[in-house]
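Working notes, beginning with the structure itself.
Here the structure is a predicted model, which means the values were calculated and not measured. Positions are given from 1, in the same order as the sequence printed here.
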Amino acid sequence: MSPSGLLVVPVLLSFAACQPVFRGTGTDPDGPACQASLAQGGVVHVDVAYAPDGMPSASPDTCKVASGTRIVFRTPPGEARTFSIEFSGPPPGARAAGRLPSVARGSQRVVELLADGAPGSYKYDIHANGRTLDPVIIIDR
């Protein structure tokens, strides 16, 4: 084996040791996809995508979480179109009032909110490309 070949192993091992610490579970930094069944706190995500005509979609369109769960609404990597989230009634958390515009995070757009409000159903709108979609967040005990 050549001397340069011996240096490759320590370098690769050092990169493996420097993996980022993920905020969610598994290998997704935004945790698992939110489900219609109760997510037990932590971090979950809702995927925001666009139909060919620009209509936004949310997957899933119903997100049921425990109070204290952080929800990350996100576009796929490489999607630069902006969107915003707006609650038609009271928001699911004190810091989720008004229209929440997406911000750039790497090559995606995201909106993050802490669902720490009272148990109940919270309808919201996703505004994008002059179109509006109206999914729901449910906070359970």
Are Val72 and Leu114 grouped together when hydrophobic residues (ILVMFWY) are joined by side-chain heavy atoms under 4.5 angstrom apart?
no

Are side-chain heavy atoms of [X] and [Y] found at a separation under 4.5 Å?
X	Y	result
Ile139	Tyr122	yes
Val110	Ser102	no
Phe87	Pro92	yes
Asp134	Tyr124	no

Where [X] and [Y] come nearest, the two heavy atoms and their spacing:
X	Y	answer
Val111	Leu100	CG2-O, 3.6 Å
Val65	Ala115	CG2-CB, 4.0 Å
Val48	Phe73	CG2-CB, 4.2 Å
Tyr50	Pro56	CD2-CA, 3.9 Å
Ile126	Ala58	CD1-CB, 3.7 Å
Ile71	Cys63	CD1-SG, 4.2 Å

Sub-3.5 Å donor-acceptor pair from the side chain of [X] to the main-chain atoms of [Y], do we have one?
X	Y	value
Ser84	Pro101	no
Asn129	Arg131	no
Asp116	Gly68	no

With the threshold set at 4.0 Å, does a side-chain nitrogen-carboxylate oxygen contact exist between [X] and [Y]?
X	Y	result
Asp125	Arg99	no
Arg74	Asp30	yes
Arg70	Glu112	yes

Between the side chains of His127 and Thr132, does any donor sit under 3.5 Å from an acceptor?
yes

Please report the interatomic distance CG(Asp47) to CD(Glu79), rounded to the nearest 0.5 Å.
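Nearest 0.5 Å value for the CG-CD distance: 12.0 Å.
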
What distance do Leu133 atom CG and Asp61 atom CG have between them, rounded to the nearest 0.5 Å?
7.5 Å

